[in-house]
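Index from 1, following the sequence.
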Amino acid sequence: MFYKNSCMKTEEELNADIFKITMTIKDKYPELSRHITEMPIRHPEVVSAEIAIKGLKEYYDSLVALLNKYDENHAVKQTIKP
């Protein structure tokens, strides 16, 4: 498992976490880059901070799931190879 799901974090902390995990994917797993969607953009006049944080957390969690699933599948394939 690469990253734990984030708990109650600020918008800035979530943005930093998203940046870190995105860089990890791009550096170590470039084949996954095509599965990364654009980071949600907050429009302060339209979206409340609470909704923005929820969206960022969901996005972060989806990146964590992508990496973890890839890691599980990749580990299985490596053990199957002769």
Side-chain angles (χ1 to χ4, degrees):
M1 184 177 216
F2 286 91
Y3 295 87
K4 293 181 179 179
N5 288 344
S6 57
C7 33
M8 296 303 285
K9 292 191 173 191
T10 66
E11 187 173 350
E12 292 79 22
E13 290 170 324
L14 283 168
N15 280 324
D17 289 348
I18 289 168
F19 179 77
K20 288 177 193 172
I21 196 169
T22 302
M23 290 296 98
T24 297
I25 290 170
K26 288 185 178 189
D27 292 343
K28 295 184 178 181
Y29 308 96
E31 63 275 20
L32 295 179
S33 293
R34 63 187 168 140
H35 299 289
I36 298 176
T37 59
E38 289 294 318
M39 189 165 120
I41 298 173
R42 177 176 173 216
H43 299 287
E45 63 280 352
V46 180
V47 179
S48 72
E50 185 177 319
I51 292 172
I53 288 172
K54 182 181 177 198
L56 289 172
K57 183 174 180 340
E58 288 172 358
Y59 181 65
Y60 175 79
D61 290 345
S62 73
L63 293 173
V64 169
L66 175 69
L67 261 182
N68 288 335
K69 183 172 178 132
Y70 180 80
D71 184 51
E72 289 171 13
N73 291 335
H74 190 66
V76 169
K77 287 180 183 175
Q78 284 182 342
T79 59
I80 293 174
K81 287 183 179 180

* To do: Check whether any side-chain heavy atom of Asn15 sits under 4.5 Å from a side-chain heavy atom of Tyr60, and report yes or no.
  => no

* Separation between OG of Ser62 and NZ of Lys69, rounded to the nearest 0.5 Å -> 13.0 Å

* To do: State the CG-CG distance between Leu63 and Asn68, to the nearest 0.5 angstrom.
  => 11.0 Å

* Asked: Just how far is it from atom CG of Leu67 to atom CD1 of Ile21, taken to the nearest 0.5 Å?
  -> 5.0 Å

* **Non-neighbouring partners of Glu31 that pass side chain to side chain donor-acceptor pair (under 3.5 Å), sequence neighbours left out** => Tyr70

* To do: With rounding to the nearest 0.5 Å, note down the distance linking CG in Asp61 to NZ in Lys57.
  => 3.5 Å

* side chain to side chain contact (heavy atoms under 4.5 Å, CB included) against Ser33, all qualifying residues, sequence neighbours excluded -> Ile25, Lys26

* Asked: Distance from Asp71 atom CG to Leu66 atom CG, nearest 0.5 Å?
  -> 11.0 Å

* Could you tell me which non-hydrogen atom of Leu56 sits nearest to which non-hydrogen atom of Glu11, and how far apart they are? => CD1-CG, 3.5 Å

* Structure fact -> Separation between CG (Leu14) and CD (Glu58), nearest 0.5 Å, reads 11.0 Å

